[in-house]
Amino acid sequence: MIHYKSSEEVQKIRESADILGRAHGEVAKNIREGVKTSFLDKIAEEFIRDHGAVPSFKGYNGFPASLCISVNEVVVHGFPSEYELKDGDIISVDCGVFHQGFHSDSAYTYPVGEVSPSVLALLKATRDSLYLGIEQAISGNRVGDIGHAIQKFVEAKGYTVVRELVGHGLGKSLHEGPEVPNYGKKGSGPLLKEGMVIAIEPMINLGTRNIVQERDGWTIRTADRKPSAHYEHTVAIFEDRTEVLTTHKYIEENIKF
Ligand code: MG
Ligand code: MG
């Protein structure tokens, strides 16, 4: 079900997204070799709670943490753990904030130390594809236009698009309609209209697009164990413009690649 937001509701999501953006920035400062991923989770949770908000993911369908931490071949929904980051890893940090009754959701994949050029290129292409998707997320377009733009761009570079996991509407619930696939046909799917708030989140693989779920019931990894990248923004659609509510600027102040 699609819930259209009033401008007052979008304002609440904007404020939630601001806390989220700054929480990501705190995490970014601590991404380096030797850091345990559980430490990153602690930093994010403390920052969010210190700002009067609640981590959206903690307890969501039983999820145990504030961050989804997905390293290398893990696509999404990995658990923070005692694993220590090592040189050459990539790490996706996905976080949600619940504030004043509204959720925001955003993710970023970081290189740790010296990452191989082919994997770095995957990260850049996935990040670029997010912005190409956002460009299509305008009033009057359809949801399929977003996925089409992402898919066309990354497949031209030889990468593959995960099908089973998609972006989503969000607001009072972390996941609302519509589903926002990262693949699709131009002009297909629900109409994008003022008041829609959606999370766009390409999950792009270096090898096969096929995924498997680990026995923990959450962790999704690539079937061939090749790396996967994931970037996400929450955006609000207005009649005459689209606003990216979440931000990676506090991340990119700390890390540039
Ligand atoms: Mg997310
Ligand atoms: Mg999401």
Side-chain angles (χ1 to χ4, degrees), residues 2 13 16-17 20-21 23-24 27 44 55-57 60-61 63 66-71 74-78 90-97 103-110 122-137 141 143-155 159-171 173-184 189-190 192 196-206 209 211 213 218-222 227-237 242-248 251-252:
I2 299 174
I13 303 175
S16 169
L20 174 56
H24 268 296
V27 171
S56 299
F57 300 171
Y60 182 82
N61 292 335
F63 191 79
S66 300
L67 299 180
C68 293
I69 300 260
S70 305
V71 176
V74 178
V75 180
V76 286
H77 302 167
I90 58 169
I91 172 178
S92 158
V93 175
D94 192 355
C95 188
V97 163
H103 293 276
S104 55
D105 189 5
S106 144
Y108 199 89
T109 303
Y110 301 81
L122 171 72
L123 300 190
K124 286 180 173 158
T126 306
R127 187 177 54 183
D128 289 347
S129 79
L130 168 61
Y131 291 98
L132 291 172
I134 291 170
E135 271 178 26
Q136 295 299 318
N141 271 8
V143 165
D145 294 318
I146 300 170
H148 177 77
I150 293 168
Q151 181 180 20
K152 191 175 154 202
F153 179 73
V154 299
E155 286 185 352
Y159 306 130
T160 62
V161 178
V162 172
R163 300 297 202 276
E164 294 85 346
L165 298 144
V166 296
H168 50 93
L170 71 167
S173 300
L174 181 59
H175 295 104
E176 299 177 353
E179 290 196 338
V180 184
N182 298 301
Y183 58 92
L192 297 167
M196 287 172 81
V197 175
I198 56 174
I200 302 174
E201 50 178 316
M203 288 156 259
I204 308 299
N205 296 350
L206 190 60
R209 68 175 165 91
I211 56 168
Q213 187 171 51
W218 281 100
T219 306
I220 303 287
R221 67 163 170 87
T222 56
S228 180
H230 177 217
Y231 292 83
E232 177 179 28
H233 273 313
T234 297
V235 309
I237 296 166
T242 290
E243 180 181 336
V244 182
L245 299 176
T246 47
T247 179
H248 293 158
I251 293 174
E252 293 181 341

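Predicted, not measured: the structure shown is a model, and the values here were computed from it.
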Less than 4.5 Å apart, side chain to side chain, heavy atoms only: is that true for [X] and [Y]?
X	Y	value
Thr219	His77	no
Asp145	Leu192	no
Ile198	Pro178	yes
Ile251	Val93	no
Pro181	Gln151	no
Thr222	Val75	yes

Which residues pass the side-chain hydrogen bond (donor to acceptor under 3.5 Å, both in side chains) test with [X], sequence neighbours left out?
X	answer
Glu164	none
Thr126	none
Tyr108	Arg127, Glu252
Thr234	none

**Report entry** Test side-chain contact (heavy atoms from CB on, under 4.5 Å) applied to Ser228 and Asn205, Val76, Ile90, Ile204, the passing residue
**Finding:**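 By the side-chain contact (heavy atoms from CB on, under 4.5 Å) criterion, Ser228 pairs with just one of Asn205, Val76, Ile90, Ile204: Asn205.
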Exactly one of Ile69, Val74, Thr109 clears side-chain contact (heavy atoms from CB on, under 4.5 Å) with Ile91, and that residue is Ile69
Could you tell me the separation between the [atom1] atom of [X] and the [atom2] atom of [Y], rounded to the nearest 0.5 Å?
X	Y	atom1	atom2	answer
Leu130	His230	CG	NE2	9.0 Å
His233	Thr247	NE2	OG1	6.5 Å
Glu135	Thr242	CD	OG1	11.0 Å
Phe57	Asn61	CZ	CG	12.0 Å
Ile2	Glu179	CD1	CD	11.0 Å
Asn182	Ile200	CG	CD1	9.0 Å

Can you give me the closest heavy-atom contact between [X] and [Y], atom names plus distance?
X	Y	value
Leu132	Ala149	O-CB, 3.9 Å
His103	Ser173	CD2-C, 3.5 Å
Leu206	Tyr159	CD1-CE2, 3.7 Å
Ala44	Leu67	CB-CD2, 3.6 Å
Ser56	Tyr60	O-CB, 3.7 Å

With [X], which residues qualify under side-chain contact (heavy atoms from CB on, under 4.5 Å), at least two apart?
X	value
Ser106	Leu20, His24, Thr246, His248
Ala236	Val10, Val197, Phe238, Leu245
Lys152	His148
His168	Asp105, Leu170, His175, Ala199, Glu201, Glu232

How would you list, by chain and number, every residue that makes a salt bridge (charged side-chain N to carboxylate O under 4.0 Å, His left out) with Arg209, sequence neighbours excluded?
->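 Expected list: none.
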The criterion is salt bridge (charged side-chain N to carboxylate O under 4.0 Å, His left out); which residues satisfy it with Glu243, sequence neighbours excluded?
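With sequence neighbours excluded, Glu243 shows a salt bridge (charged side-chain N to carboxylate O under 4.0 Å, His left out) to Arg14, Arg241, given in chain and number order.
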Original post:
Is it true that a side-chain atom of Asp94 and a backbone atom of Cys68 form a donor plus acceptor pair closer than 3.5 Å?
Top reply: no
* To do: For Ser16 and Ser104, test the side chains for any donor-to-acceptor distance below 3.5 angstrom and give the result as yes or no.
  => yes
